[in-house]
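Here is the structure we will look at.
Hydrogens, waters and symmetry mates play no part in the numbers below; they use all other heavy atoms, side chains included.
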Amino acid sequence: MPELPEVETVRAGLQRWLSGRTIASVEIRHARAVRRHLAGPQDLAARLIGARIEAVSRRGKYLWLPLSSPGPASPAGPDRGECLVAHLGMSGQLLVQPADAPQERHLHVRLGFADGGRELRFIDQRTFGGVLLDHLVPASDRSDESVPGQVAHIARDPLDPYFDDVLFSVRLRRRDSALKRALLDQGLVSGIGNIYADESLWRARLHGERRGVTLRPTAVRDLLGHIRDVLADAVAAGGTSFDALYVNVNGQSGYFDRSLSAYGRAGEPCPRCGTPIRRVAFMNRSSSFCPCCQRPPRPRARKE
DNA sequence: TATTTAACCTGGACGC
DNA sequence: TGCGTCCAGGTTAAAT
């Protein structure tokens with residue numbers, strides 16, 4: 001599933017292929033893929049045609065392409081400060097393909113370019129992802145940085161040089177809820193999904209059901225270090241691919257799945273102590289952990 | 001206000 | 001072979 005390492009891999013690929021190119025055609029084949037663009041598919045297409053892609057940015061699992069207008073002579077194109085925002089959801093792919101390449105089964109949006117080169121395709125089997133046009137707004141924590149309005153509520157990710165470790169620790173240690181739930185809250189820390197939450201907790205020897213309020217500052221610091229390590233390792237491996245649902249912009253799989261210690265390893269021996277990894281239901285999804293290395297918290301005493 | 005739950009969605013795997 | 005059920009999980013609105 002696309003989490004920070006997978007999205008960063010896609011961002012780097014798009015940066016290479018798309019920067020400086022001008023959009024010449026837009027085909028929206030599935031309206032659900034643009035459902036968050038409230039003005040509708042036709043408005044999105046009209047605004048994108050003629051726009052020049054300046055860069056490819058990312059925060060957490062969100063990608064966006066800042067756009068520049070073609071100039072006053074053309075009625076088409078985006079407003080000043082607009083950008084194309086993309087979220088891959090669970091199964092979204094952004095592929096850079098030759099225009100004559102066969103159409104993918106779940107191809108929803110395709111962008112052609114004025115230079116006649118490779119086109120950009122948004123493919124999404126489970127349709128949780130999508131694209132929209134949005135305005136850039138000043139980031140809440142640094143005035144010289146802009147993010148799309150849709151992304152403004154998302155916290156920085158742990159690989160962001162401006163991530164505030166102290167603020168994260170304070171906010172996490174105020175939480176009277178499960179640690180794993182907190183790690184999945186993109187408003188607290190972005191980029192972490194089910195896979196890297198489980199892996200980070202395994203590395204930190206922490207059970208996902210520990211309450212945030214029970215953690216000492218040193219434990220949070222240790223956890224944050226492990227989160228950064230696992231994310232960086234996964235970025236270096238090109239992300240995690242369990243099936244064909246996650247690939248980079250060239251359609252190639254990542255290989256971090258070979259390095260996973262807990263996620264997807266239910267029944268296999270823990271690489272650290274040999275105890276079989278256990279899988280349990282948690283938050284309408286699954287959690288994998290070592291019942292020996294990651295001791296569950298003691299049940300809280302009930303108030304009379 | 002803080003926290004938790006459910007719905008959205010598709011296709012592969014599995015059991016009968 | 002066909003049908004029904006379960007599972008995967010990021011985001012967010014609604015409920016508690």
Side-chain angles (χ1 to χ4, degrees), chain A residues 1-8 10 29-38 58-64 85-94 104-109 122-132 134 147-155 157 170-201 208-214 231 234 239-247 253 256-257 260 262-267 277-289 297 300 303:
Chain A
M1 307 302 160
E3 302 180 31
L4 186 153
E6 292 75 37
V7 179
E8 173 56 25
V10 170
R29 299 162 52 88
H30 195 316
R32 184 172 157 79
V34 297
R35 64 193 180 283
R36 287 197 199 165
H37 186 82
L38 300 181
R58 179 189 63 76
R59 174 173 286 193
K61 303 169 195 172
Y62 281 89
L63 287 168
W64 67 90
V85 181
H87 195 290
L88 301 180
M90 288 178 59
S91 54
Q93 300 174 358
L94 284 165
E104 294 76 7
R105 183 170 175 195
H106 300 286
L107 173 61
H108 297 330
V109 180
F122 178 71
I123 295 130
D124 192 6
Q125 179 196 98
R126 295 179 193 168
T127 69
F128 277 32
V131 299
L132 74 150
D134 198 6
V147 296
Q150 287 274 329
V151 181
H153 68 290
I154 298 294
D157 64 64
V170 168
R171 293 182 67 195
L172 179 61
R173 296 180 60 243
R174 274 193 200 139
R175 295 223 171 185
D176 186 25
S177 72
L179 190 48
K180 180 165 176 181
R181 186 183 293 276
L183 294 184
L184 296 176
D185 181 350
Q186 305 298 298
L188 175 67
V189 54
S190 68
I192 302 172
N194 208 37
I195 297 173
Y196 299 110
D198 279 358
E199 287 302 299
S200 300
L201 290 168
E209 292 186 23
R210 271 281 291 272
R211 320 295 288 185
V213 292
T214 69
L231 292 177
T240 302
S241 301
F242 288 110
D243 46 34
L245 291 184
Y246 163 68
V247 291
S253 296
F256 190 70
D257 56 307
L260 294 173
Y263 182 89
R265 302 273 189 229
I277 296 291
R278 188 177 297 168
R279 178 181 161 280
V280 297
F282 181 77
M283 286 178 67
N284 290 329
R285 37 186 54 71
S286 67
S287 271
S288 301
F289 64 98
R300 288 192 291 182
K303 290 179 182 174

Please produce a list of atom pairs where a protein N or O lies less than 3.5 Å from an N or O of nucleotides 3-6 of chain B.
{"residue": "B/dT3", "atom": "OP1", "partner": "A/Asp176", "partner atom": "N", "Å": "2.9"}
{"residue": "B/dT4", "atom": "OP2", "partner": "A/Arg181", "partner atom": "NE", "Å": "3.1"}
{"residue": "B/dT5", "atom": "OP2", "partner": "A/Arg181", "partner atom": "NH2", "Å": "3.4"}
{"residue": "B/dA6", "atom": "N7", "partner": "A/Asn284", "partner atom": "ND2", "Å": "2.9"}

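Checking C/dC7, C/dG10, B/dG11 against every side-chain atom of A/Gln125, the shortest atom distance belongs to B/dG11. Looking at the side chain of A/His106, the nearest of the listed nucleotides C/dG10, C/dC7, B/dT10 is B/dT10.
Residue A/His153 places none of its side-chain N or O atoms closer than 4.0 Å to OP1 or OP2 of C/dT11. Between C/dA8 and A/Arg126, no contact under 4.0 Å exists linking OP1 or OP2 to a side-chain N or O. Remark: A/Arg32 is not in phosphate contact with B/dT10, judged by side-chain N or O atoms under 4.0 Å from OP1 or OP2.
Among the candidates A/Lys180, A/Glu199, A/Arg285, the single residue satisfying the side-chain hydrogen bond (donor to acceptor under 3.5 Å, both in side chains) test with A/Asn194 is A/Lys180.
A straight line from NE2 of A/His30 to P of B/dT10 spans 6 Å, rounded to a whole angstrom. When the P atom of C/dG10 is taken as reference, atom CG of A/Leu4 falls 13 Å away, rounded to whole Å. Look at CD1 on A/Ile123: it is 16 Å from C1' on B/dG11, rounded to the nearest Å. The nearest whole Å value for the distance from the CD atom in A/Glu6 to the C1' atom in C/dA8 is 14 Å. In this structure, the CD atom of A/Gln150 is 7 Å from the P atom of C/dT12, given to the nearest Å. Spacing between atom CG of A/Asp124 and atom C1' of B/dT10 amounts to 10 Å, rounded to whole angstrom units. Atom-to-atom, NZ of A/Lys61 to P of C/dG10 comes out at 5 Å; the value is rounded to the nearest Å. Separating the CD atom of A/Glu104 from the P atom of B/dG11 is a distance of 15 Å, rounded to the nearest angstrom.
Of the possible donor and acceptor atoms, none in the side chain of A/Arg265 sits under 3.5 Å from a partner among the backbone N and O of A/Ile277. A/Arg279 places no side-chain N or O within 3.5 Å of a backbone atom of A/Ser288 that could act as its donor or acceptor partner. Side-chain atoms of A/Glu3 come within 3.5 Å of backbone atoms of A/Ile195 as a donor-acceptor pair (strictly under, hydrogens ignored). Looking at A/Gln93, its side chain never comes within 3.5 Å of a backbone N or O of A/Phe122 through a donor-acceptor pair.
Under the 4.0 Å criterion applied to side-chain N and carboxylate O atoms, A/Asp157 and A/Lys61 are not assigned as salt-bridge partners.
The overall bend of the helix from B/dA2-C/dT16 to B/dC16-C/dG2, read as the angle between its terminal helix axes built from five base pairs each, is 50° when rounded to 10 degrees.
With contacts defined as side-chain heavy-atom distances shorter than 4.5 Å, the pair A/Ser190/A/Arg59 qualifies. Counting heavy atoms from C-beta outward, A/Pro5 and A/Tyr196 have side chains that approach closer than 4.5 Å.
At a threshold of 4.0 angstrom between heavy atoms, the contacts of A/Tyr62 are confined to the sugar-phosphate backbone, with no base atom among them. If you check every strand for non-hydrogen atoms under 4.0 Å, A/Arg36 touches sugar and phosphate atoms only. Among the heavy atoms of the strands, none lies under 4.0 Å from A/Ser91. Looking at heavy-atom distances under 4.0 Å, A/Arg105 makes contact with sugar-phosphate atoms alone, never a base.
Classification of the A/His30-A/His108 ring pair by plane angle, with boundaries at 30° and 60°, yields perpendicular.
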- [ ] For A/Asp257 and A/Thr240, run side-chain hydrogen bond (donor to acceptor under 3.5 Å, both in side chains): C-alpha distance rounded to whole Å, both residues' side-chain angles, the deciding distance at 0.1 Å, then the answer.
- [x] CA-CA 5 Å; A/Asp257 56 307; A/Thr240 302; over 6 Å; no
